[in-house]
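Just so we're on the same page: letters track the sequence lines, and every chain starts at 1.
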Amino acid sequence: MNKSQKSFRPKARVPKGLRDMSAGMVRAEERMLARIREVYERYGFDPLETSAFEYADALGKFLPDEDRPNEGVFSFQDDDEQWLALRYDLTAPLARYVAENYDALPKPFRRYQTGPVWRNEKPGPGRFRQFTQFDADTVAAPGVAADAEMCMMGADCLEALGIPRGSYRIRANNRKVLDGLLERIGIAGEPGSTTYMTVLRAIDKYDRLGRKGVELLLGPGRKDESGDFTKGAGLSPSQITAVVDYVESGVGEGASDRKLVLDGWRNVVGESAIGREGLDELAEMDALFTAAGYGLDRIEFNSWIVRGLGYYTGPVFESDLLFEVKDEVGNPVRFGSVGSGGRYDGLVERFKGVKVPATGFSIGVSRLQAALELLGKLDVEDVLAPVVVLTLDAANMAGYQAMVSELRAAGIRAELYLGGSGMKAQLKYADKRGAPIAVIEGEDERTKGEVTLKDLILGSEMSKEIEDNAAWREGQPAQVAVPRARLVEEVTAMLARHRSVRGHHG
RNA sequence: GCAGCCGUAGCUCAGCUGGUUAGAGCGCUAGAUUGUGGAUCUAGAGGUCCCCCGUUCGAUCCGGGGCGGCUGUACCA
């Protein structure tokens, strides 16, 4: 036997940035998805599902390049040599779907979609290489009423998820205001140019780096605490001042009213036509928010919300949690926004050649879940574990099977102990499982036509007061012998008692 | 991608200024305590000391390279 063959063992490990989800996490996520879905449905969106991967050219300009074939997206070649890529969001597949089925769809077309997406990026807290998003989009809707709806629906979703009003904020802005500002202060470069994007991204970091950091990024560049240097946009001092003044006009005291913020921005955009247009759109959105009763405690206009992505063309928005999140060790964790969106009028155009205005909102379910988990606000474990029927006597498996079947037929979660260990281990198993009741039928019970029901929840309460082992065992805490024929009724009664003690359920 | 710190049991870590069989606590598996989850006691399993190369009589420890993790930063279409 070859030595290397003999000693080879694959290392059991989950790939970085991916994770396994235990029962509690799966249930928590499903609950979140159900609540979001309910809101989306109420707003009149219909479900759509598209596949997990697409032809790479349909997803965007991101064909694998030679140096780093998997940069950003995970991609691979089909047997006909065509490049496929795992979807990195749900918007690009939507654009493909709309373009492919354009004539058959009602317009506007409103759909929601959830599912995993994949990005080949460096993972971090609340940042994974596979994560779940939940999107709603309205396609072929030119007016900003569609954008305003997204903002309001985003607020509704967060509240439906149990985040209290005041603990989150939907922050909106308009790319056109930014365009107006840059036009006024004479920054050369079309939207999408390097300088334009560098300025945008610098503004985007105001939240994190403050005025000083943004000034450096707009000017010569910034060195971070690890000594790494980030190249700046190279603006002149007066340009920098203009940009930073604008950014600070939308925060703090000045942001006390959406209308006041817009008034302040009139000077920012000056005579710029595109800037004026942006402000008019925001004013229209404000009117809609106000009419629908969405005040500043839910939606605000915010100058440093610009979104780093190139494809947004109008209103942009994101949702942020306002409370501080700390990790297990107590260090503050910086989560990005838990939802974001905006208007992308050019995405379908890539396929159709005609402009199809669209806007959408995407909730980062995985990130939100990670944040709520660290906050201890993720309600896990309200699913009752099964009743466990112990199998003490291999010759009587049929009898045990009959009990489990009766319990299941009565709608009670129940399982046979299927391991190979003795009674003590079986109870330990039931305990670890969180089982409310263990059903015990040994020889003694069988001859008497009884079963013993052990109330594991009550027993665990009692054990806190018993130190002595003899007393603990002799007392046979919280168990009762009942006639075998009354198994289902007695178990049902015991479960009902648990429910009333626990007080909540439903 | 760039920079800093870090890699010893499932987890949290100790240890060795380079020397035979690498340890603890918790966890896990079992035994004792009448056929009973907690507690207590006993035993057992579990390690290529991240990997490779070099220095050395000898490397978990020293040097180089790699890989992985964390943090910051960048990127996030």
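Toward the 5′ end of RNA chain B lies the nearest nucleotide of A:Ala425, the other residue of the pair A:Ala425 and A:Asp431 mapping further downstream. Ranked by how close their nearest RNA chain B nucleotide is to the 5' end, A:Leu347 and A:Lys16 are led by A:Lys16.
With C1' as the reference atom, B:U42 and B:U33 are 12 Å apart, rounded to whole Å. Separating the C1' atom of B:G64 from that of B:U55 is a span of 11 Å, rounded to the nearest Å. Separation of the P atoms belonging to B:U8 and B:C61 is 13 Å when rounded to the nearest angstrom. Only the P atoms considered, B:G38 is 11 Å distant from B:G27, to the nearest whole Å. Atom P of B:G58 sits at a distance of 47 Å from the matching atom of B:U73, rounded to the whole Å. Going from the P atom of B:C62 to that of B:G18 covers 7 Å, rounded to whole Å. With C1' as the reference atom, B:U71 and B:U29 are 38 Å apart, rounded to whole Å. For B:C11 and B:C28, the P atoms lie 15 Å apart once the distance is rounded to whole Å.
Using the Watson-Crick or G-U wobble rule with both distances under 3.5 Å, B:A14 pairs with nothing in any strand shown. If you check B:G31 for Watson-Crick or wobble pairing at under 3.5 angstrom, you find it paired to B:C41. Both distances falling under 3.5 Å, in either a Watson-Crick or a G-U wobble arrangement, place B:G63 opposite B:C53. The partner of B:A74, taking Watson-Crick or G-U wobble pairs whose two distances both stay under 3.5 Å, does not exist in any strand shown. Pairing for B:U36 is absent, with no Watson-Crick or G-U wobble pair whose two atom distances lie under 3.5 Å. In a base pair of the Watson-Crick type (N1 to N3 plus N6-O4 or O6-N4) or a G-U wobble (N1-O2 and O6-N3), with each distance short of 3.5 Å, B:C5 is matched with B:G69.
A:Met423 places its CE atom 14 Å from the P atom of B:A32, with the value rounded to the nearest Å. In this structure, CZ of A:Arg127 is placed 11 Å from P of B:U73, rounded to the nearest angstrom. With rounding to whole Å, A:Leu456 atom CG is found 11 Å from B:G37 atom P. Nucleotide B:G35 holds its P atom 10 Å from the CG atom of A:Asp444, rounded to whole Å. A:Lys122 places its NZ atom 16 Å from the P atom of B:C67, with the value rounded to the nearest Å. In this structure, A:Leu392 atom CG and B:U36 atom P are separated by 10 Å, rounded to whole Å. Atom pair A:Arg87:CZ and B:C76:P shows a separation of 22 Å (rounding to whole Å applied). With rounding to whole Å, A:Arg222 atom CZ is found 6 Å from B:A74 atom P.
OP1 or OP2 of B:U73 lies within a sub-4.0 Å distance of a side-chain N or O belonging to A:Arg208. The phosphate of B:A30 has OP1 or OP2 within less than 4.0 Å of a side-chain N or O from A:Ser421. Regarding contacts with the backbone of B:C28, a side-chain N or O of A:Lys432 is found under 4.0 angstrom from either OP1 or OP2. Within the 4.0 Å cut-off from OP1 or OP2 of B:U36, not a single side-chain nitrogen or oxygen of A:Lys424 is found. Contact annotation: A:Lys205 side-chain N/O to B:C75 OP1/OP2 distance is under 4.0 Å.
Contact of A:Lys223 with B:G72 (side chain to base): no donor-acceptor pair of N or O atoms is detected under 3.5 Å. Residue side chain A:Gln479 reaches the base of B:U36 through a donor-acceptor N/O pair under 3.5 Å, judged by distance alone. Residue A:Lys428 places no side-chain atom within donor-acceptor reach of the base of B:U36, judged by atom type and a 3.5 Å distance cut-off alone. Between the base of B:G35 and the side chain of A:Glu445 there is a donor-acceptor pair shorter than 3.5 Å.
Considering every non-hydrogen atom in both A:Cys151 and A:Ala172, the closest pair reads SG-CB, 4.4 Å.
In A:Gln77, the CD atom is crowded: over 12 heavy atoms of neighbouring residues, nucleotides or ligands sit closer than 6.0 Å. Around the CD atom of A:Glu49, the shell of radius 6.0 Å holds no more than 12 heavy atoms that belong to other residues, nucleotides or ligands.
Note on A:Thr230: only backbone sugar-phosphate atoms sit closer than 4.0 angstrom, heavy atoms only; bases stay farther off. Contacts of A:Ile440 with the nucleic acid, taken as non-hydrogen atoms under 4.0 Å apart, include base atoms.
Note that A:Arg211 lies outside the cation-pi zone of A:Tyr206, set by a 6.0 Å cut-off to the ring centre and a 45° limit from the axis.
Between A:Lys448 and A:Glu441 there is no salt bridge, since no side-chain N of the basic residue sits under 4.0 Å from a carboxylate O of the acidic one.
Ring geometry for A:Tyr429 versus A:Tyr417: interplanar angle over 60°, hence perpendicular rather than tilted (30 to 60°).
A donor-acceptor pair is defined here as one N or O able to donate and one able to accept, closer than 3.5 Å; such a pair exists between the side chain of A:Arg129 and the backbone of A:Lys16.
Looking at A:Trp118, A:Phe53, A:Trp83 one by one, the single match for ring pair (Phe, Tyr, Trp, His ring centres under 6.0 Å) with A:Phe76 turns out to be A:Phe53.
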